[in-house]
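Below is one structure, written out as structure tokens; the observations come after it.
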Amino acid sequence: MDQIMKQFTSLIVATLFLLATSLSFAHRYDDFDGEKRAAFEQIRQGSAAKSSLLTNSYKGYAPCVDGMAADTYPCKGIDMVSFVDIATLGVSFVNDMWGWTDPYTRKDYALVGGTEGTVIIDVSRALSPKVVGFLPAASDDPENPFWRDIKVYKNHAFIVSEQIGHGMQVLDLNQLRYIPRDAPRVEFTEVANYNKFSSSHNIAINEDTGFAYVVGADTCLGGLEMIDIRNPRDPKDAGCFAEHGYIHDTQCVKYKGADRRYRGREICFSSSANSNEEGEPFFNTLSIVDVSDKENITVISNTKYGSGFGYSHQGWLTPSQSYFLHDDELDEFFGDVETTTTRLWNLKDLEAPFIIAETTNGQTSIDHNLYTEGGYAYASNYTTGLRVFSTWGVGRGKLKEIAYFDVYPENDNATFEGGNWSNYGYFRQRGLIGVSSIDRGFFLLRLRPRFPWWFPF
């Protein structure tokens with residue numbers, strides 16, 4: 001990036017940071033430039049007009065043929081099973097999503113976040129998904145209408161938002177099994193609301209221990225806000241870890257990886273981004289902490305990477321927990337990297353993690369949320385859509401792209417103007433992937449089986 005542009009950007013960031021630190025709540029540093037919110041507001045304001053066009057678009061099964069699905073979406077190795085447009089969802093802007101499989105009926109459901117609340121979609125009949133329910137947002141904050149993050153534990157959904165006064169909603173998903181498929185959409189009410197914090201950016205849940213970790217909240221300096229949810233209807237404060245400042249996303253697990261010193265411990269792997277006093281916009285790190293004892297959190301490491309012209313956003317462990325696949329949301333935006341970049345961290349020594357490779361698929365969009373399952377990584381990369389990688393070569397510094405489905409065919413710009421926010425590939429139905437498109441709605445995709453199915457090359 002041109003040095004003058006770097007200096008100019010640093011000045012903007014520093015000015016806005018000084019303004020933000022005068023406020024009593026934690027500043028969300030990802031909002032520094034205003035361009036992200038402006039782009040999202042433009043999408044939200046234009047969603048009604050766009051929905052009228054999408055209503056007449058093809059929503060059924062569309063196989064990937066000669067690199068294109070439904071004559072619209074560039075693709076490779078992934079078919080479109082079905083599509084629910086944003087008007088049918090009943091929201092003006094789509095963001096995060098998660099999923100749930102009813103342990104009794106074995107039905108799959110997608111939980112899709114929107115500006116106005118959370119939409120529940122029955123996807124058990126993947127060719128004909130049905131919107132069955134809606135949970136309105138807990139607060140109406142026109143200054144922060146966009147984000148909603150959702151995770152599931154013990155048949156309950158836990159939902160947070162940056163909307164002021166929102167707290168953490170708890171929705172009992174058991175109700176879904178009693179709703180006939182042909183019934184009108186049901187409007188649900190929360191069964192609990194944890195309101196120690198007012199707003200937050202994200203939530204992670206360790207299903208092995210029954211603890212939720214809220215990050216980017218207006219408490220705990222935006223760090224790990226720990227909540228005991230073993231009784232989902234009665235969440236309890238379990239402590240706070242603020243030593244590493246603002247954390248944007250985290251994955252907390254019962255550790256079983258290569259570092260024998262920490263096996264059996266509850267470890268959080270967090271993407272942390274804070275203002276940098278050295279003149280760069282951000283101090284970006286991978287934070288690793290032992291949260292087994294909530295009253296005595298142990299720092300294992302906090303490792304800086306990059307030039308500061310990026311934003312440590314999100315990442316996910318490989319199933320062996322020996323490697324961490326890490327996305328930075330602003331390195332493409334700043335021009336610090338030329339193409340969409342994923343960093344591969346070696347975690348065999350948790351006290352000294354290091355990046356073994358910075359990989360790229362040659363595209364130019366901003367990478368956002370990434371999750372791993374078996375030998376695959378499912379990456380949501382805004383304007384280039386869902387990208388699927390083989391993780392079998394990660395230890396050798398390789399992350400090979402094997403399939404993709406571009407839900408934003410307009411362009412591949414490193415911008416926030418549209419595209420894929422997140423994905424969920426853990427449904428009972430093998431190969432089915434839910435994809436949230438911020439400007440279009442909800443896609444159900446299926447990764448074509450490879451032979452043999454477990455060997456992703």
Side-chain angles (χ1 to χ4, degrees), residues 98-101 103 151-154 158 202-213 215 224 226-230 238-239 241 244 247 249-272 285-303 312 314-327 342-357 369-379 389-399 424-428 430 453-456:
W98 203 244
W100 175 65
T101 298
K151 296 297 184 296
V152 172
Y153 173 70
K154 279 189 176 179
F158 298 81
N202 217 324
I203 182 174
I205 293 177
N206 185 351
E207 295 183 40
D208 291 331
T209 62
F211 283 88
Y213 297 86
V215 297
L224 293 173
M226 299 175 286
I227 308 168
D228 183 344
I229 58 170
R230 286 174 289 186
F241 174 76
H244 291 167
I247 290 174
D249 207 338
T250 190
Q251 183 185 10
C252 301
V253 300
K254 201 71 173 290
Y255 182 69
K256 60 180 182 182
D259 195 333
R260 295 179 179 272
R261 295 169 295 181
Y262 295 99
R263 285 184 180 170
R265 308 292 293 176
E266 187 174 12
I267 310 294
C268 289
F269 300 82
S270 303
S271 300
S272 176
T285 69
L286 171 60
S287 160
I288 305 177
V289 297
D290 184 341
V291 297
S292 304
D293 181 354
K294 304 295 186 290
E295 296 181 356
N296 186 26
I297 306 299
T298 301
V299 172
I300 300 175
S301 59
N302 190 33
T303 309
S312 182
Q314 186 264 357
W316 213 251
L317 296 164
T318 57
S320 69
Q321 299 182 356
S322 294
Y323 304 98
F324 186 75
L325 279 54
H326 186 211
D327 284 339
T342 301
R343 291 169 176 81
L344 312 182
W345 290 79
N346 184 311
L347 301 180
K348 293 183 179 180
D349 180 351
L350 295 186
E351 296 178 5
F354 62 93
I355 294 174
I356 56 175
N369 287 347
L370 176 153
Y371 301 99
T372 63
E373 169 70 2
Y376 301 110
Y378 300 99
F389 300 91
S390 165
T391 59
W392 285 67
V394 167
R396 304 188 306 275
K398 307 292 184 181
L399 191 66
Y424 182 84
Y426 306 109
F427 293 116
R428 181 184 62 82
R430 181 181 294 278
W453 66 265
W454 47 264
F455 194 73

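In this chain, residues are counted from 1 in sequence order. What you see is a predicted model, and the numbers here were worked out from it, not measured in a lab.
Of all the heavy atoms in A238 and F211, the pair that sits closest is CB-CE2, 3.7 Å. Looking at every heavy atom in both residues, R343 comes nearest to I355 through CD-CD1, 3.8 Å. Closest approach of S301 and P353 over heavy atoms only: OG-CD, 3.6 Å. Looking at every heavy atom in both residues, G315 comes nearest to S271 through N-OG, 3.9 Å. Across P319 and T372, no two heavy atoms sit closer than the pair CD-OG1, 4.1 Å.
For the atom pair S292 OG and I267 CD1, the distance stands at 5.5 Å (nearest 0.5 Å). Taking OG1 of T101 as the start and CZ of R428 as the end, the distance is 7.0 Å to the nearest 0.5 Å. One finds the CZ atom of R265 at 7.0 Å from the OG1 atom of T298 (value rounded to the nearest 0.5 Å). Distance check: F158 CZ to I229 CD1 gives 4.0 Å after rounding to the nearest 0.5 Å. To the nearest 0.5 angstrom, L370 atom CG is 6.0 Å from Q314 atom CD. Atom OH of Y426 is separated from atom CD of E373 by 6.0 Å, given to the nearest 0.5 angstrom.
A heavy-atom distance below 4.5 Å is found between the side chains of T391 and L399. Between Y213 and I247, the closest side-chain pair of non-hydrogen atoms is not below 4.5 Å. For the pair Y255 and D290, the minimum side-chain heavy-atom distance is 4.5 Å or more. Using a 4.5 Å heavy-atom cutoff, the side chains of F389 and V394 are not in contact. Annotation: side chain of Y323 is in contact with side chain of N346 (closest heavy-atom distance under 4.5 Å). K151 is listed as a side-chain neighbour of N202, based on a closest heavy-atom distance under 4.5 Å. In this structure, the side chains of T285 and H244 stay at 4.5 Å or more apart for every pair of heavy atoms. Contact of the I300 side chain with the D259 side chain is not registered, since no non-hydrogen atoms from C-beta on lie closer than 4.5 Å.
Within the 3.5 Å criterion, the main-chain N or O of G239 finds no donor-acceptor partner in the side chain of E295. The backbone N or O of R230 lies less than 3.5 Å from a partner atom in the side chain of K154, making a donor-acceptor pair. In this structure a side-chain-to-backbone donor-acceptor pair under 3.5 Å is present from R263 to G257. Side chain of S320 to main chain of S322: a donor-acceptor pair is present (N/O by atom type, distance under 3.5 Å, no hydrogens or angles). Judged purely by atom type and a 3.5 angstrom limit, Q251 uses its side chain to pair as donor or acceptor with the backbone of L317.
Between F427 and Y424, the two ring planes are perpendicular [angle over 60°; tilted spans 30° to 60°]. Between Y376 and Y378, the two ring planes are tilted [angle within 30° to 60°].
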Pair F241, V289 - check side-chain contact (heavy atoms from CB on, under 4.5 Å), show working. CA-CA 9 Å; F241 174 76; V289 297; 3.6 Å; yes
L286 vs L347, test: side-chain contact (heavy atoms from CB on, under 4.5 Å). Steps then yes/no. CA-CA 11 Å; L286 171 60; L347 301 180; 4.1 Å; yes
For ring-ring contact (aromatic ring centres under 6.0 Å, His included), just list the numbers for W98 and Y371, CA-CA rounded to whole Å, side-chain angles, deciding distance to a tenth of an Å, and then say yes or no. CA-CA 11 Å; W98 203 244; Y371 301 99; 5.4 Å; yes
For the pair S270 and L224, evaluate side-chain contact (heavy atoms from CB on, under 4.5 Å) and give the outcome as yes or no after the intermediate values. CA-CA 9 Å; S270 303; L224 293 173; 4.2 Å; yes
Any chance you could lay out the side-chain contact (heavy atoms from CB on, under 4.5 Å) test for N302 and I288, step after step, and finish with the verdict? CA-CA 6 Å; N302 190 33; I288 305 177; over 6 Å; no
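Of the listed residues (T250, D249, L350), just one forms a side-chain contact (heavy atoms from CB on, under 4.5 Å) with F269, and that residue is L350.
At most 12 non-hydrogen atoms from other residues, nucleotides or ligands lie less than 6.0 angstrom from NZ of K254.
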